[in-house]
Engineer: 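Below: one structure in structure tokens.
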Amino acid sequence: MNYEKVSVPEDGEPIALADEETGELDVPTNPIIPIIHGDGIGTDVGPAAQQVLDAAAEATGRSIAWMRVYAGESARKMYDENLPDDTVSAIREHRVAIKGPLTTPVGAGFRSLNVALRQTLDMYANVRPTYHLDGVPSPVTTPEAMDMITFRENTEDVYAGVEWEAGTEGAEQVRTFLEDDMAIADVIHDGPVGIGIKPISEFGSKRLIREAIDYALANDRDTVTLVHKGNIMKFTEGAFRDWGYELVDEEYGDDVITEAELWDDHDGDQPEGTLVVNDRIADNMLQQLLTRTDEYEVIATMNLNGDYMSDAAGAQIGGLGIAPGANFGHGRCLAEPVHGSAPKYAGEDKVNPTAMILSGREMLDYLGWSDAADLVRDAVETTISSGRVTYDLHRQIDGGEKLATSEFADAVVENIESLA
Ligand code: NAD
């Protein structure tokens, strides 16, 4: 494929899809991987992550042929557009990619590029692991109790972008439809009103919950928790829960049981080798993450709940500088940190690149390079636990050495080389 708005590497081979049905990949030892450094601090954490991932690949007998692709500010400067088609095509074609944060101005009229990218590629599962690394300061007393992974639905909910601005003809048409045709009176106040729609489908819910259950089965986890606010939003969030239990019934045998079956058939005693699917109301869940942290392992939830919950969980294991993520769907992976572009620190070589580096770890895992992925995790942990940290962690610990973004990346690379 010819790209005009992408830097194509001279070496490297493309990743192919080995099995359409399972999404299994055929990964060469020198794959071409598209990378978007991103806006704001993306210019700091992007190159840092690239350097660490190169070192981990090299230490395990492989190499990565990086393909620089552009979105956000860099794309605007170079091509006068936010998200060039070539960027989307490169990620679609090469299947596995990594991106830094992209800026979305609040209420400024253009849709989030992150949401646009995830929706265009139909990457329906946003996966956010939250685990504690030794030496990372935390506001809670037992951060090591958290070892959880959140599967957040990525294409629906109030994030789907179906909304109308107050005062527009669209908003007034929807108001008239609701009041006149649907006989919903006295709910919307008089005067300007912004209106948004919250679609939650059976298809979207089941494919996301299936990913979470399959992950839990493959990784010997004991529970999957469906998080929803179905007591209030019965036909959207309540339906998500019901479709989850329906899926368990329809597609999984005796190895996956519901919490009701656990009590009815097994007196609450989970049989060896089974997976229990339970559910919790979202507000209660945010409390339980703090009070009963170790009871939760795999979470499946909708877009908005998942965004809030994984940020809160991220705070327990060290904050936005640490929390990694990745988007999956149709045999593709787009890794990206949870944090945004933090514009006030942009270009200062100051912020923590760990979240982007650990997002890269998720990507390496997806390639099937678990040895390289483990090496990245261990090297980051060794670096942080020796007190060599960026400013965000340094201000929370006694002593230690404050490193710049690039110095931290160098220290992790040194540890990769000594651990390999
Ligand atoms: P943010 O995550 O960019 O920053 C909030 C604060 O968190 C920062 O001021 C900083 O104190 C801290 N922080 C974030 N990343 C850090 C790091 N790597 N190391 C140390 N500290 C770090 O959130 P925001 O200020 O709400 O958003 C800024 C912009 O980023 C907005 O335009 C928003 O839309 C966008 N955003 C993008 C993504 C994405 O690309 N996936 C995600 C969230 C926000």
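Position 1 is the first residue of the sequence, and the numbers go up from there. Every value quoted in this text rests on a predicted model; they were computed, and no experiment measured them. Worth knowing before you read on, the calculation uses all heavy atoms, side chains too, and leaves out hydrogens, waters and symmetry mates.
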Engineer: Can you establish whether the number of heavy atoms outside Lys402 located under 6.0 Å from its atom NZ is more than 12?
Structural biologist: no
Engineer: Step by step, work out the side-chain contact (heavy atoms from CB on, under 4.5 Å) result for Val277 and Thr223.
Structural biologist: CA-CA 6 Å; Val277 176; Thr223 60; over 6 Å; no
Engineer: Side chains of Tyr296 and Gln288: donor-acceptor distance under 3.5 Å anywhere?
Structural biologist: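 A donor-acceptor contact under 3.5 Å links the two side chains.
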Engineer: Yes or no on side-chain contact (heavy atoms from CB on, under 4.5 Å) for Lys229 and Ile281, after CA distance, side-chain angles and deciding distance?
Structural biologist: CA-CA 5 Å; Lys229 189 76 185 160; Ile281 302 278; 4.1 Å; yes
Engineer: Using the side-chain contact (heavy atoms from CB on, under 4.5 Å) definition, which of the options Ile36, Leu113, Asn82 pairs with Thr87?
Structural biologist: Ile36
Engineer: Just distance, no hydrogens or angles: give the donor-acceptor pairs under 3.5 Å from side chains in residues 6-21, sequence neighbours left out.
Structural biologist:
from  : atom 1 : to    : atom 2 : distance (Å)
Ser7  : OG     : Tyr70 : OH     : 3.1
Asp19 : OD1    : Glu21 : N      : 2.9
Asp19 : OD1    : Thr22 : N      : 3.2

Engineer: Do His37 and Gln50 get their side chains close enough for a donor-acceptor pair, meaning under 3.5 Å?
Structural biologist: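 The criterion, which ignores hydrogens and geometry beyond distance, is satisfied for Gln50 and His37.
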Engineer: May I ask you to check whether Tyr391 and Tyr345 place their ring centers less than 6.0 Å from one another?
Structural biologist: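 Yes; Tyr345 has its ring centre under 6.0 Å from that of Tyr391.
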Engineer: Checking side chain to side chain donor-acceptor pair (under 3.5 Å) between Tyr159 and each of Asn154, Asn303, Asp307, which is the one that passes?
Structural biologist: Asp307
Engineer: Examine the side chains of Glu156 and Ser201 and answer whether a donor and an acceptor come within less than 3.5 Å of each other.
Structural biologist: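 Looking only at side-chain atoms, Ser201 and Glu156 do form a donor-acceptor pair, the distance falling under 3.5 Å.
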Engineer: Using a strict 4.0 Å threshold on nitrogen-to-oxygen distance, state whether Lys206 and Glu211 make a salt bridge.
Structural biologist: no
Engineer: Is it the case that over 12 heavy atoms from other parts of the model lie below 6.0 angstrom from the CG atom of Asp283?
Structural biologist: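 Check passes, neighbour count above 12.
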Engineer: Under 3.5 Å, side-chain donor or acceptor atoms of residues 350-360 against the rest of the protein: list the pairs with distances, not counting sequence neighbours.
Structural biologist:
from   : atom 1 : to     : atom 2 : distance (Å)
Asn352 : OD1    : Thr354 : N      : 3.0
Asn352 : OD1    : Thr354 : OG1    : 2.6
Asn352 : ND2    : Asp392 : OD2    : 3.1
Ser359 : OG     : Gly325 : N      : 3.3
Ser359 : OG     : Glu336 : O      : 3.4
Ser359 : OG     : Ala355 : O      : 2.7

Engineer: Determine all donor-acceptor pairs shorter than 3.5 Å in which one atom belongs to a side chain in residues 369-377; sequence neighbours excluded.
Structural biologist:
from   : atom 1 : to     : atom 2 : distance (Å)
Asp371 : OD1    : Arg62  : NH1    : 2.9
Asp371 : OD1    : Arg62  : NH2    : 3.4
Arg377 : NH1    : Glu381 : OE1    : 2.9

Engineer: Report yes or no: do Asn305 and His228 form a side-chain donor-acceptor pair below 3.5 Å?
Structural biologist: no
Engineer: Give the intermediate values and the outcome of side-chain contact (heavy atoms from CB on, under 4.5 Å) for residues Arg128 and Ile149.
Structural biologist: CA-CA 6 Å; Arg128 295 181 172 186; Ile149 181 159; over 6 Å; no
Engineer: Considering residues, nucleotides and ligands other than Asp254, do more than 12 of their heavy atoms fall under 6.0 Å from its CG?
Structural biologist: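 12 or below, so no.
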Engineer: I'd like to know if Glu251 and Arg210 make a salt bridge, using a cut-off of under 4.0 Å between side-chain N and carboxylate O.
Structural biologist: yes
